[in-house]
Amino acid sequence: MAAPPDNDVLWARSLHHTHNGSPALSGVSLGVREGEILAVHGPRGCGKTTLLHCLAGRTVPEEGEVWFDGAPVHTMGPPQRERLGRDRFAWIDPEPALVPELTAWENAALPLLLRGVPRRTAKAAALEWLERLDVGDCAKRRPRALLQSQRQRVSVARAFAAEPAVLFADEPAAALHSAEGTRVLRALTAAARSHRVTVVLATYDAEVAALADRAVALFDGRRVDAPRAAEVEGRDACSLSV
């Protein structure tokens, strides 16, 4: 078992995983440099979410290796992986997973509070990120009083307030109107670059992938070259329109 290259903060080799007997990942390898925004691009069902789950330690691949900052994630036990996810990683889902009983600032501060950060410190960090993401005026509102785009901005604020080493974003604009989704993604990528946060972004949208520093393409659980992925995506779109 060889250690990953020194310049990759996140590294995976020969990942294989199945869902109910069907291949989800077939020999996928990649590296992500510190501070890089990497897009994992491909049509729906190609294995993007499974790959992000394996990289984040949420899923242990059936075969292959995942390393973070020189540590083998694939050999960690559940408590270690849970601690890694809480302390070093952040996650954004397609739908904003906010706690309905908490206000926007409390939702944004939640990861810090769960770590034992003093309430005043956690609140200050949450409010700062809500302001940066143009939802500072929503700080005292609960999720049901917010628009979908505002709720997703709160999710982004929560992710950055936790000061993660790596942020995993799984189709973070999929549930938003195109224009608002673009604004959220531009805010996300700008924040990541200004704070040197490594981002792994899953998307089926080539325009979203173009916001990243680099993109890798998946099709049927395998890495493919970008032209092949674009060709496949185009065929999928045509078949859906028939």
Value rounded to 0.5 Å, distance of CG in L133 from CG in L188: 8.0 Å
Sequence-distant partners of D213, side chain to side chain donor-acceptor pair (under 3.5 Å), two or more places apart: R193
Within 6.0 angstrom of E62 CD, more than 12 heavy atoms from elsewhere: yes
Side-chain touch L218/L51, heavy atoms, less than 4.5 angstrom: yes
Over all atoms of both residues, closest heavy-atom pair of N107 and P143: ND2-CG, 4.0 Å
Flag for E131-W129: side-chain donor and acceptor within less than 3.5 Å: no
Residues T59, H17; criterion side-chain hydrogen bond (donor to acceptor under 3.5 Å, both in side chains); working and verdict: CA-CA 9 Å; T59 296; H17 199 70; 5.3 Å; no
Same apolar cluster (I L V M F W Y, side chains within < 4.5 Å links), L15/L30: yes
Side chain to side chain donor-acceptor pair (under 3.5 Å) against H177, all qualifying residues, sequence neighbours excluded: none
Spacing of C46 atom SG and R223 atom CZ [to the nearest 0.5 Å]: 12.5 Å
Set of residues satisfying side chain to side chain contact (heavy atoms under 4.5 Å, CB included) with respect to E63, sequence neighbours excluded: H16
Qualifying salt bridge (Lys or Arg N to Asp or Glu O under 4.0 Å) pairs, either residue in residues 136-149, two or more places apart: none
Return a table of donor-acceptor pairs under 3.5 angstrom between the side chains of residues 112-119 and protein atoms on other chains or two or more places apart.
| unit_1 | atom_1 | unit_2 | atom_2 | d |
| --- | --- | --- | --- | --- |
| R115 | NE | R86 | O | 3.4 |
| R115 | NH1 | A162 | O | 3.2 |
| R115 | NH2 | R86 | O | 3.4 |
| R115 | NH2 | A162 | O | 2.7 |

Any side-chain heavy-atom pair of T189 and V199 under 4.5 Å: no
Joint cluster assignment, V200 & V184, ILVMFWY side-chain distance < 4.5 Å: no
Minimum heavy-atom distance between P23 and T18, given as atom pair plus value: CA-CG2, 4.0 Å
Exam field: side chain H74 to backbone V66, donor-acceptor pair closer than 3.5 Å: yes
Set of salt bridge (Lys or Arg N to Asp or Glu O under 4.0 Å) partners for R81, sequence neighbours left out: none
All pairs passing salt bridge (Lys or Arg N to Asp or Glu O under 4.0 Å) where residues 180-190 contributes a residue, at least two apart: R153-E180, E180-R183
Ignoring hydrogens and angles, write down the donor-acceptor pairs under 3.5 Å from the side chains of residues 88-105, residues two or more places apart or on other chains.
| unit_1 | atom_1 | unit_2 | atom_2 | d |
| --- | --- | --- | --- | --- |
| W91 | NE1 | D93 | OD1 | 2.7 |
| E95 | OE1 | Q148 | NE2 | 2.9 |
| T103 | OG1 | E106 | N | 3.3 |
| T103 | OG1 | E106 | OE1 | 3.2 |

V32 vs W11 side-chain heavy atoms within contact, under 4.5 Å: no
Atom of A192, atom of I37 and distance for their closest heavy-atom approach: CB-CD1, 4.1 Å
Non-neighbouring partners of E36 that pass side chain to side chain donor-acceptor pair (under 3.5 Å), sequence neighbours left out: R33, R214
Counterpart residues, side chain to side chain donor-acceptor pair (under 3.5 Å), relative to S14 (two or more places apart): none
Closest approach of A165 to F68 (non-hydrogen atoms, all atoms of both residues): CB-CZ, 3.8 Å
Main-chain N/O of S149 paired with Q152 side-chain donor or acceptor, under 3.5 Å: no
Shortest non-hydrogen contact between L38 and G31, atoms and distance: CD2-O, 4.5 Å
Contact check, side chains of L201 and P172, non-hydrogen atoms, under 4.5 Å: yes
Contact list for residues 48-58, test salt bridge (Lys or Arg N to Asp or Glu O under 4.0 Å), sequence neighbours left out: K48-E171
Min side-chain heavy-atom separation L10-W67 under 4.5 Å: no
Transitive ILVMFWY cluster of V60, excluding itself - 4.5 Å side-chain cut-off: none
Closest approach of C54 to L25 (non-hydrogen atoms, all atoms of both residues): SG-CD1, 4.0 Å
Sub-4.5 Å side-chain heavy-atom contact between F168 and V166: yes
R158 side chain vs P111 backbone, donor-acceptor pair below 3.5 Å: no
L167 vs F160 side-chain heavy atoms within contact, under 4.5 Å: yes
Separation of L176 CG from R151 CZ (nearest 0.5 Å): 9.5 Å
Close side-chain approach of C138 to L130, heavy-atom, < 4.5 Å: no
